[in-house]
K.L.:
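Pasting in a structure now, in structure tokens, and then I'll have a few things to ask.
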Amino acid sequence: MNLLSFFQRRRGSAPIARDRLQVLLAHERAVLGQRDLVAILREEILAVIGRHVRVDSDKVRVKMDRGASISTLEVDIEIPTAEGGLKLAIAG
Amino acid sequence: MAKVLVVTSGKGGVGKTTTTAALGAALAQGGQSVVVIDFDVGLRNLDLVLGAERRVVYDLINVVQGEAKLSQALIRDKRVETLSLLAASQTRDKDALSEEGVGRIIAELREKFDWVICDSPAGIERGSALAMRFADVAVVVTNPEVSSVRDSDRIIGLLDSKTERAEKGERMEKHLLITRFDPAREMRGEMLKTEDVLEILSIPLLGIIPESEEVLRASNVGSPVTLNAPLSAPARAYLDAAKRLRGEVVAMTVPTERRAGLLSKLFRRAA
């Protein structure tokens, strides 16, 4: 047993597990496609809008359609107003 | 309004069925009406863990195929009357489950219960896809161990892309439940730290269930741990997790086993 492995044993194997997982999952997520891009976009859009207007997290829809030559991202947000509701839709 | 919750993990043996039984019972003990559904067609076990294995007459597939009414297939728990079970079929093929049929049953159950809890089979095949398909909320059960964390990452990806909610562009609420946790081994650096698992999977923590002999004892006798040993560490962790699911703010702790007093030791001998 050399000095390095002696210290590694004392430190425990959990940090090795964490490092291996981080490398592996970064790779797998890239291969399997941006797995939760829509979920991430959703949270971030909600945070940005929430800074200015109060929005219900259930009233935000983010949808992505992937096509062969063109993909579309559809964002649909319902903003409450005194009268009832204002709907904001962004498509791009 | 009813919530449909899926208990899923990707990997087998991490505690999905134990968790379904314990969370289902904990919510029912708190006065909510709950139905738990076993989606593991051909390898059903939720009935056994709930001690209802001899009361199954009709199952999920009978209802999907119109051979029995939902009311005939629901088995009401004998200890907590607000808890019901819909068993999986032990003899039929899982292809007998149609998406349309499952959707119809879940819509019907939404009318009758506060919580519809779907116990997913392991894997990422048809059974687990249908268990998560109509869910509003997911509990991802993970052990602090590399293969379980990897599989959970995959399942989170599927929850964000293959569920009805995700396809409609709505938010899929996801919670992480760490099971079989051993604080002493975490401290010695032998087990992945909770904070590392949380950082890697980046979904909010619902609870940490400590490894305990009470979990095995509860399944031996066919009773959810929250009913069989409500003061035990895993039961308290599940009861707290159930409160968090209902939106209560409960401080996150890892319950530890209380030293058993002489009286409770004697009582256990007698039991």
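A quick note: this is a predicted structure, and the numbers were derived from the prediction, not measured. Here is how names work: the chains are called A, B, and so on, in the same order as the sequence lines, proteins then strands, and each is numbered from 1.
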K.L.:
Once rounded to the nearest 0.5 Å, what's the spacing between atom NZ of B:Lys168 and atom CZ of A:Arg61?
P.N.:
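Going from NZ on B:Lys168 over to CZ on A:Arg61, the span is 6.0 Å.
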K.L.:
Go through it in stages, so that I can follow the logic: the residues are B:Glu199 and A:Gln22, the test is side chain to side chain contact (heavy atoms under 4.5 Å, CB included), and I'd like the CA-CA distance, side-chain angles, deciding distance and then a yes or no.
P.N.:
CA-CA 10 Å; B:Glu199 192 195 316; A:Gln22 277 171 337; 3.6 Å; yes
K.L.:
Is the closest side-chain heavy-atom distance between B:Ile200 and A:Arg18 below 4.5 Å?
P.N.:
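Heavy-atom side-chain distance check passes, below 4.5 Å.
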K.L.:
Considering residues, nucleotides and ligands other than B:Arg180, do more than 12 of their heavy atoms fall under 6.0 Å from its CZ?
P.N.:
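Incorrect, the count does not exceed 12.
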K.L.:
Given the rule in the side chain to side chain contact (heavy atoms under 4.5 Å, CB included) test, do B:Leu192 and A:Leu21 qualify, once you have shown the distances and angles that lead to the verdict?
P.N.:
CA-CA 10 Å; B:Leu192 277 168; A:Leu21 269 172; 3.8 Å; yes
K.L.:
Looking at B:Met187, I'd like to know if its CE atom is crowded, meaning that more than 12 non-hydrogen atoms belonging to other residues, nucleotides or ligands lie closer than 6.0 Å.
P.N.:
no
K.L.:
For B:Asp153 and A:Arg29: C-alpha separation, side-chain torsions, deciding distance, then whether side chain to side chain contact (heavy atoms under 4.5 Å, CB included) applies.
P.N.:
CA-CA 9 Å; B:Asp153 188 73; A:Arg29 285 169 189 166; 2.5 Å; yes
K.L.:
Identify the two heavy atoms, one from A:Pro15 and one from B:Gly189, that lie closest to each other, and give their separation to 0.1 Å.
P.N.:
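Closest heavy-atom pair between A:Pro15 and B:Gly189: CD-O, 4.1 Å.
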K.L.:
More than 12 heavy atoms of other residues, nucleotides or ligands under 6.0 Å from NZ of B:Lys193: yes or no?
P.N.:
yes
K.L.:
Most heavy-atom pairs under 4.5 angstrom with chain A, which of B:Arg150, B:Met191, B:Glu190, B:Glu170?
P.N.:
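Most pairs with chain A among the choices: B:Arg150.
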K.L.:
So which part of B:Glu167 gets closer than 4.5 Å to some heavy atom of chain A, the side chain, the backbone, both or neither?
P.N.:
backbone
